[in-house]
Amino acid sequence: MTNYEKEYRDFSLSVPERFSFPIDVFDKWENRLALFWTDGTIEKKLTFNELKNLSSKGAGAFKNMGINKGDKVLVMLPNIPEWWEVMLGLMRLNAVPIPATTLLTAKDIRYRLSAADIKAIIATDEEAQKIEEAVKGHSNIPILIMINTLSPSFSKGGMGGFSGWHNYIKERDKADAFTGERALSDEPSIIYFTSGTTGPPKMVLHTQASYPLAHIITGKYWLDLRPGDIHWNISDTGWAKAAWSSLFGPWNMGATIFSFYKKGKFDPSFAVEVMQKYPITTFCGPPTAYRMMAKEIPPEKFRFKSLRHFVAAGEPLNKEIINIWKERTGLYIYDGYGQTETVNVLANFRCLAVKPGSMGVPAPGFVVDIIDENGNTVHLDTEGDIAIKIKPKRPAGLFKEYLGNLEATEKTIKGDWYITGDRAYKDKDGYFWFVARADDIILTSGYRIGPFEIESVLIGHPAVKESAVVASPDEVRGEVVKAFIVLTEGHTPSDSLKKELQEFVKKHTAPYKYPRKIEFVDDLPKTISGKIKRKELKMREFGR
């Protein structure tokens with residue numbers, strides 16, 4: 001995109017009556033490189049044609065096992081090559097994959113079995129034991145499909161110590177290929193379980209148009225991908241961000257997906273080494289990853305031969321980190337915004353000036369604004385709800401519903417708008433600025449304070465590696481600002497450092513916003529996608 005105003009004005013996503021991502025998008029890239037996978041020792045490079053053949057055989061195997069159109073399938077795989085193969089195979093059948101992290105416990109799996117009519121579970125042998133524990137005694141035992149990663153006996157046709165499981169590789173290899181068929185564009189395509197602020201996880205249902213097709217907006221405009229690009233997204237396969245940046249976004253544009261299989265927590269030194277070693281052209285990571293790299297890696301290490309574009313999503317990225325990145329690499333990080341319920345909705349785009357710390361401007365295909373509690377747009381620089389216009393026409397890149405939860409679905413609608421649940425304001429240039437999740441706002445002595453602003457100030461102090469700001473109970477003020485802080489190497493907790501940090505915040509923002517309470521911690525609770533669990537910290541503060 002070279003002219004934002006023209007592209008935004010003229011953009012129209014043509015939604016056909018019937019659509020198949022494998023047939024209409026994926027298969028047409030043919031001999032280009034689709035997947036570059038490595039674990040540091042082994043490398044696998046698969047073209048679109050090679051993955052087409054594998055996934056078509058996989059679709060045939062799934063049919064033989066009894067999986068059909070509309071069946072819900074829990075896909076609980078790490079970022080091994082078979083994850084992409086399985087996802088494509090299920091889409092060829094128009095079955096409905098439910099991607100899930102391998103970190104799920106037996107209790108989590110059992111909840112998903114109860115909430116959704118799951119026909120099958122696909123997992124590795126590493127997860128088999130807890131899956132068997134979860135399905136034990138369940139009224140409707142799903143089809144169990146295993147991909148071996150541990151036991152040699154399984155790959156030779158045995159069950160690797162587990163019974164009642166289908167051997168995916170063995171059954172794929174003997175199956176007839178099924179390249180797929182098109183479904184109606186408003187039919188189900190994928191489901192994600194997403195945790196809300198209260199209650200159990202909700203099922204976000206996307207259609208063929210709202211995710212596989214509409215993620216062309218993500219891949220074309222925000223990721224800025226083109227054929228020949230090699231895109232690395234560090235995301236767990238169970239997070240919707242994997243659909244954004246490790247599946248639909250890149251492949252809509254004919255780009256290559258790069259994946260490095262490595263167990264354990266994110267290692268900033270390792271990530272920088274990978275970006276130096278491999279011909280990666282574009283990179284997507286959560287703000288946590290960028291903060292860790294900027295704070296822990298020496299400036300001279302930031303030398304990347306092939307990288308041309310960096311993006312971040314998941315939660316807001318502090319402008320201090322964006323500025324550090326620009327100083328060290330010569331390139332900005334282009335922050336983007338969306339939800340499990342949407343494709344990319346707001347972003348800093350390459351053709352526009354970056355305003356470090358902002359969410360950017362609306363993506364083509366979306367009318368986005370800030371509204372008040374009555375559904376009316378507010379004045380510039382006035383805080384309100386981030387809302388997406390859904391009338392007179394609902395945009396293609398918006399989910400269909402929370403499956404089986406009409407009340408939750410209806411709560412997202414206010415007049416002509418879909419309410420995201422996030423608070424922000426818009427400036428005179430049309431850029432959006434994040435304030436907080438609606439339920440993260442801190443109310444103290446009549447003031448409303450967004451935690452992100454305080455965290456952004458704190459990250460500018462050399463002693464602060466990470467911080468999370470939440471409300472804490474106070475007899476006089478009702479609530480006060482509390483900061484949980486992880487220190488950088490070489491700094492130790494002390495009362496004098498607390499005082500120094502408080503004065504630092506007072507100096508760089510309105511004095512009433514400073515954290516009256518500070519607690520130093522070794523790490524912060526995070527989701528699998530790297531988002532800070534402020535809710536967990538807040539509940540701890542209020543004794544819940």
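Numbers here simply count residues along the sequence, with the first being 1.
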Does this structure show an ion pair linking [X] with [Y], if we count only N-O contacts that are shorter than 4.0 Å?
X	Y	result
Arg516	Asp474	no
Lys506	Glu503	yes
Glu455	Arg291	no

List the atom pairs, with distances to 0.1 Å, where a side-chain N or O of residues 379-388 and a protein N or O form a donor-acceptor pair under 3.5 Å, not counting sequence neighbours.
from, atom 1, to, atom 2, distance (Å)
Thr382, OG1, His379, O, 3.2
Thr382, OG1, Leu380, O, 3.4
Glu383, OE2, Arg423, NE, 3.0
Glu383, OE2, Arg423, NH2, 3.1
Glu383, OE2, Arg448, NH2, 2.8
Asp385, OD1, Arg423, NH1, 3.3

What's the separation between atom [atom1] in [X] and atom [atom2] in [Y], rounded to the nearest 0.5 Å?
X	Y	atom1	atom2	value
Lys414	Ile419	NZ	CD1	5.0 Å
Leu524	Phe484	CG	CZ	9.0 Å
Asp236	Thr102	CG	OG1	6.0 Å
Ile413	Lys411	CD1	NZ	13.5 Å
Asp369	Asp416	CG	CG	12.0 Å
Thr256	Ile280	OG1	CD1	11.5 Å

Pairs under 3.5 angstrom only: tabulate donor-acceptor contacts from the side chains of residues 265-279 to other protein residues two or more places apart or in another chain.
from, atom 1, to, atom 2, distance (Å)
Asp267, OD1, Ser269, N, 3.0
Asp267, OD1, Phe270, N, 3.3
Gln276, NE2, Lys301, O, 2.6

- Set of side chain to side chain contact (heavy atoms under 4.5 Å, CB included) partners for Pro362, sequence neighbours left out: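 Pro362 satisfies side chain to side chain contact (heavy atoms under 4.5 Å, CB included) with Tyr4, Tyr8, Leu346, Val368, Phe432 once adjacent residues are dropped.
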- Would you call the rings of Phe248 and Tyr211 parallel, tilted or perpendicular, where under 30° means parallel and over 60° means perpendicular?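 Perpendicular.
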Assess the side chains of [X] and [Y]: does a donor N or O sit below 3.5 Å from an acceptor N or O?
X	Y	result
Trp433	Asp427	yes
His206	Ser189	no
Asn318	Ser456	yes
Tyr337	Asp422	yes
Thr509	Glu453	yes

- Query: What's the shortest heavy-atom distance between Asp523 and Val486, and which atoms?
  - Reply: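 Reported closest heavy-atom pair: CA-CG2, 3.7 Å.
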- Message: Restricting to non-hydrogen atoms, name the atom on Ser246 and the atom on Trp83 that form the minimum distance, rounded to 0.1 Å.
- Response: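 Where Ser246 meets Trp83 most closely, the heavy atoms are O-CZ3, 4.1 Å.
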- Give a yes/no verdict on a cation-pi contact between Lys389 and Trp417, requiring under 6.0 Å between NZ or CZ and the six-membered ring centre and an angle within 45° of the axis.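 The answer is yes, since Lys389 meets both limits relative to Trp417.
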- Item | Contacts of type ring pair (Phe, Tyr, Trp, His ring centres under 6.0 Å), residue Trp232, not counting sequence neighbours |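 Scan of Trp232 (ring pair (Phe, Tyr, Trp, His ring centres under 6.0 Å), adjacent residues dropped) gives Phe258, Phe283.
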- Sequence neighbours left out, what passes ring pair (Phe, Tyr, Trp, His ring centres under 6.0 Å) with Trp325? Give chain and number order.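 For Trp325, the residues satisfying ring pair (Phe, Tyr, Trp, His ring centres under 6.0 Å) (neighbours in sequence not counted) are Tyr290, Phe302, Phe310.
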- Query: Going through the distances and angles, do Ile459 and Lys295 end up as a side chain to side chain contact (heavy atoms under 4.5 Å, CB included)?
  - Reply: CA-CA 9 Å; Ile459 200 72; Lys295 285 282 186 173; 4.0 Å; yes
- Message: Apply side chain to side chain contact (heavy atoms under 4.5 Å, CB included) to residues Trp84 and Ser259 and explain how you reach the verdict.
- Response: CA-CA 11 Å; Trp84 287 270; Ser259 180; 3.5 Å; yes
- Around atom CD of Glu489, are there more than 12 heavy atoms of other residues, nucleotides or ligands at under 6.0 Å?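 Count not over threshold, so no.
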- Message: Side chains of Ser358 and Asp335, heavy atoms from C-beta outward: is any pair under 4.5 Å?
- Response: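 No, side chains not in contact.
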- Task: Check the pair Leu223 / Asp229 against side chain to side chain contact (heavy atoms under 4.5 Å, CB included), numbers first and verdict last.
- Result: CA-CA 10 Å; Leu223 300 180; Asp229 273 330; over 6 Å; no
- Task: Mind checking salt bridge (charged side-chain N to carboxylate O under 4.0 Å, His left out) for Glu320 and listing every partner two or more places apart, or none if nothing turns up?
- Result: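 Not a single residue meets the salt bridge (charged side-chain N to carboxylate O under 4.0 Å, His left out) criterion with Glu320.
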